[in-house]
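The block underneath contains the structure these notes are about, expressed in structure tokens.
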Amino acid sequence: MENSRALKPSMASETNVVDTATVMAAVAPSNTEKRPAEEDGKKGEEPETKKAKTEVTSANETSAAANKEDKVKKFVKRKVALLLSYSGVGYYGMQRNPGPYPTIEEDLVKALLKTGAIPQDHARFMGKMSFQRCARTDKGVSAAGQVVSLKMLLLDNIENKLNEHLPPSIRVMGIKRTTGSFNSKHNCDYRTYMYMLPTFAFQPVDQLTTENYRLPAEKITEVNELLTQYLGTHNFHNFTSGKPFKDPSAMRHIKEFTCSEPFLEDYMEFAILRVRGQSFMLHQIRKMIGLILAIVKGVAQKSTLQKAFGEDKLDIPRAPGLGLVLEMVHYESYNNKWGNDGLHEPLTWEDCKAKLDDFKKSHIYPVIIEKEKREKAMMQWLSTLPLHTYDVQGKHNPMRSALETLNEAKKKAKLESDTSQSGEDSQDAKTSNNSGTETKPEEASVQPDCASKDEATQVTNDKKPDAEPTKPSEKSATELVEPSETSTATPSVENAEQTSNTNKDTTNQAVTSDLDKGSAETSETEGVAR
């Protein structure tokens with residue numbers, strides 16, 4: 001029994017050993033399969049599965065990086081110069097302003113946003129895309145060659161896409177890559193403006209101004225001689241607003257100023273003045289042209305032009321803004337430095353000239369001609385030329401004083417007419433309300449003063465003439481007549497049946513006169529109360 005008990009633990013231990021060995025034997029092959037490098041003695045070699053996974057990962061990363069690089073290259077923002085043409089009629093200028101007033105920049109930014117050329121935040125804050133206009137045209141002023149600089153995505157066929165989202169009166173004519181530091185305003189050397197006007201604006205003041213006037217050749221020569229006096233650098237403080245003589249910014253340089261040959265459009269003759277300068281102040285071109293027209297017509301002296309460059313502030317007229325057009329901007333210095341470097345194109349826009357001419361003929365010239373014939377802006381402005389002194393401001397001008405007096409008299413007469421019309425309307429309304437069988441308040445108030453019932457009846461009959469009641473204006477005129485004439489014209493005298501008693505007739509006349517006065521006074525009082 002003891003031996004058997006002793007064998008049991010040994011048998012259990014053997015069983016445990018076998019089981020452990022069996023388990024180890026079963027596990028050993030799997031371990032050796034996972035680590036073949038240790039069995040073969042080839043240290044340093046990586047498993048095939050791990051190596052294949054690494055190769056696939058690196059290949060995916062390379063492909064993603066390549067796609068990202070292609071995407072960045074395709075949609076990266078670049079600095080560009082954008083050539084723009086537009087008709088300014090119906091717009092409140094070029095510059096974008098807050099409020100419900102339409103501007104050229106507002107429509108342009110909306111088109112850039114719709115095409116995806118700029119993100120949403122750039123549309124709200126234009127400084128993020130380095131937006132800059134070359135010239136800030138005023139309300140109603142058109143442009144054939146405006147240039148703006150900005151950073152935008154160079155998408156495929158971007159020019160046509162922008163024009164699809166712009167109205168027909170605004171067109172993108174061209175887009176060119178520029179240097180990163182390019183600024184359309186600061187890099188501009190000169191700006192060319194044109195002013196289209198009917199030639200009857202040059203007709204002498206001693207002749208009747210008509211639309212059938214034709215500009216002779218000698219008059220064109222005279223105009224061009226006067227325009228040469230603007231050339232060079234001068235102080236143009238008299239041709240703008242709010243600039244004193246000593247302000248350095250009043251000094252401007254004019255390079256060219258000419259008058260072209262006239263041409264006929266819709267049975268009216270027009271001419272074009274072209275001026276080329278470094279930059280222009282507010283209303284400068286319109287005042288320069290206004291003074292030339294005054295001199296050519298004979299309203300102002302030729303010496304006024306040179307006097308305008310002096311220190312005195314002169315009274316100079318400003319021509320209408322309808323015919324003013326920004327024709328082209330010039331970048332000569334930029335083209336000389338960067339235009340031929342092999343990376344950037346010169347900003348001459350030679351390839352766009354045909355499109356610019358077509359736009360002017362289809363959207364700018366017809367609008368100016370049609371509006372001039374309809375509104376006659378130039379004809380009306382010419383009539384105001386004699387009202388200016390063309391001398392130091394503040395001096396007395398008899399014609400201007402006479403015009404101001406005439407305008408004041410017209411305003412006073414209109415006010416009196418409106419007041420009189422209002423009183424007549426009130427009297428008519430009162431008469432219509434009081435018409436009927438009821439006793440009138442005026443009659444009731446004077447009836448107690450009558451001597452008898454018969455007299456009261458007579459007064460009532462006399463108060464109902466065939467004519468309409470007397471109006472306030474007629475009452476005022478009646479009061480100016482002598483009392484005897486008023487009594488003679490009283491309706492009670494015309495009643496032949498009541499004239500037998502002289503005393504009674506005299507009493508009726510007095511009562512009727514008092515009744516008329518009381519009725520008129522009551523009517524005026526009620527009219528004011530209404």
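Quick caveat, the model's predicted, so the values are computed rather than measured.
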*Give the C-alpha distance, both sets of side-chain angles, the deciding distance and a yes or no for side-chain hydrogen bond (donor to acceptor under 3.5 Å, both in side chains) between Asn157 and Asn160.*
CA-CA 6 Å; Asn157 200 21; Asn160 293 334; 2.7 Å; yes
_Pair Phe309 + Phe236: ring centers closer than 6.0 Å_ = yes
*Can you measure from CZ (Phe202) to CG (Leu382) and round to the nearest 0.5 angstrom?*
10.0 Å
*Look only at the side chain of Asn187 and the backbone of Tyr334, and say whether a donor-acceptor pair between them is shorter than 3.5 Å.*
no
*What do you reckon, is CH2 of Trp338 surrounded by more than 12 foreign heavy atoms closer than 6.0 Å?*
no
*Does the side-chain contact (heavy atoms from CB on, under 4.5 Å) test come out yes or no for His388 and Ile316, once each step is laid out?*
CA-CA 7 Å; His388 295 270; Ile316 296 177; over 6 Å; no
*Mind checking whether Val275 and Thr192 have side chains closer than 4.5 Å, heavy atoms only?*
no
*Do Thr240 side-chain atoms and His237 backbone N/O form a donor-acceptor pair below 3.5 Å?*
no
*Could you pull out the closest heavy-atom pair between Val392 and Thr389, with the gap in Å?*
O-OG1, 4.3 Å
*Should Gln229 and Gln306 count as side-chain neighbours, where that means a heavy-atom distance under 4.5 Å?*
yes
*Do Lys128 and Asp121 sit within salt-bridge range, that is, some charged N less than 4.0 Å from a carboxylate O?*
yes
*asked:* Could you check whether Lys361 pairs with Asp358 (Lys NZ or Arg NE/NH1/NH2 to Asp/Glu carboxylate O, under 4.0 Å)?
replied: no
_Do Lys313 and Phe245 form a cation-pi contact, if we require the NZ or CZ to be under 6.0 Å from the six-membered ring centre and within 45 degrees of the ring's axis?_
no
_Before you tell me yes or no, could you show the steps for Met281 and Arg252 under side-chain contact (heavy atoms from CB on, under 4.5 Å), namely the whole-Å CA-CA distance, both residues' side-chain angles and the distance that decides it to 0.1 Å?_
CA-CA 9 Å; Met281 297 177 290; Arg252 303 292 165 130; 3.4 Å; yes
*Tell me the ring pair (Phe, Tyr, Trp, His ring centres under 6.0 Å) pairs involving residues 81-104, sequence neighbours left out?*
Tyr92-Tyr101
*Do Met152 and Met129 come within less than 4.5 Å of each other through their side chains, counting heavy atoms only?*
no
*For a side chain to side chain contact (heavy atoms under 4.5 Å, CB included) with Cys134, tell me which candidate from Leu84, Asn183, Val329 qualifies.*
Val329
_Point-to-point distance, once rounded to the nearest 0.5 Å, from CD of Gln132 to CG of Leu150_ = 11.0 Å
_Whether Arg276 and Glu332 form a salt bridge (side-chain N of Lys/Arg under 4.0 Å from carboxylate O of Asp/Glu) is what I want to check._
yes
*Would you give the length of the straight line joining atom SG of Cys352 to atom CG of Asp357, rounded to the nearest 0.5 angstrom?*
11.0 Å
*Within the distance-only criterion (no hydrogens, no angle test), does the side chain of Asn224 pair as donor or acceptor with the backbone N or O of Cys259 below 3.5 angstrom?*
yes
*Quickly, which of Lys110, Arg133, Arg96 forms a salt bridge (charged side-chain N to carboxylate O under 4.0 Å, His left out) with Glu105? Name it, please.*
Arg133
*Show your working on side-chain contact (heavy atoms from CB on, under 4.5 Å) between Ser149 and Thr178 and close with a plain yes or no.*
CA-CA 9 Å; Ser149 56; Thr178 63; 5.9 Å; no
_Sidechain N-carboxylate O distance under 4.0 Å for Glu350, Lys353_ = yes
*Roughly how far apart are His122 NE2 and Met126 CE, rounded to 0.5 Å?*
11.5 Å
*Are the side chains of Tyr390 and Leu385 in touch, meaning some heavy atoms are under 4.5 Å apart?*
yes
_Keeping Asp189 on the side-chain end and Ser333 on the backbone end, is there a donor-acceptor pair under 3.5 Å?_
yes
*Take Thr233 and His253, measure what side-chain hydrogen bond (donor to acceptor under 3.5 Å, both in side chains) needs, and give me the verdict at the end.*
CA-CA 4 Å; Thr233 303; His253 180 77; 3.0 Å; yes
*Taking 4.0 angstrom as the limit, do Glu311 and Lys246 come out as a salt bridge?*
no
_On the six-membered ring of Trp381, is Lys376 placed so that its NZ or CZ lies under 6.0 angstrom from the centre and within 45° of the ring axis?_
no
*asked:* So which atom in Pro168 and which in His363 form the shortest heavy-atom distance, rounded to 0.1 Å?
replied: O-NE2, 3.4 Å
*Side-chain donor or acceptor of Ser184 paired with backbone N/O of Val148 under 3.5 Å*: no
*Specify the closest pair of heavy atoms between Lys360 and Pro366, including all atoms of both residues, with the distance to one decimal.*
O-CD, 3.8 Å
*Take Glu164 and Lys161 through the test salt bridge (charged side-chain N to carboxylate O under 4.0 Å, His left out) and record every step on the way to the result.*
CA-CA 5 Å; Glu164 291 176 359; Lys161 290 181 179 179; over 6 Å; no
_Please check: side-chain N/O of His234 versus main-chain N/O of Leu231, any donor-acceptor pairing under 3.5 Å?_
yes
*Is the shortest heavy-atom distance from the side chain of Arg214 to the side chain of Leu264 under 4.5 Å?*
yes
*CA sep, side-chain torsions, deciding dist, call: Leu226, Phe257, side-chain contact (heavy atoms from CB on, under 4.5 Å)*: CA-CA 10 Å; Leu226 289 172; Phe257 209 159; over 6 Å; no
*Quick one: do the Ser249 and Asp247 side chains pair a donor with an acceptor below 3.5 Å?*
yes
*Please name the pair of heavy atoms, one in Leu113 and one in Ala123, separated by the smallest distance, quoted to 0.1 Å.*
CD2-CB, 4.1 Å
*Nearest-0.5 Å distance, OG1 of residue Thr348 to CG of residue Asp351*: 7.0 Å
*Side-chain touch Thr115/Leu153, heavy atoms, less than 4.5 angstrom*: no
*asked:* Please check this pair: side chain of Gln203 against backbone of Tyr213, looking for a donor-acceptor N/O pair closer than 3.5 Å.
replied: no
_Sidechain-backbone polar pair: Asp315 side chain, Asp391 backbone, donor-acceptor under 3.5 Å_ = no
*Quick one: CD1 on Ile104 to CZ on Arg136, what's the gap to the nearest 0.5 Å?*
15.0 Å
*With no hydrogens and no angle check, is any side-chain donor or acceptor of Ser142 less than 3.5 Å from a backbone partner on Gly88?*
yes
*Note, Met196 side chain near Ile369 side chain (heavy atom, < 4.5 Å)*: yes
*Pairwise side-chain contact, Gln95 with Thr103, heavy-atom cut-off 4.5 Å (strictly under)*: no
*Does Gly93 offer a backbone N or O that forms a donor-acceptor pair with the side chain of Asp138 under 3.5 Å?*
no
*Is any NZ, NE, NH1 or NH2 atom of the basic residue among Glu327 and Arg274 found under 4.0 Å from an Asp or Glu carboxylate oxygen of the other?*
yes
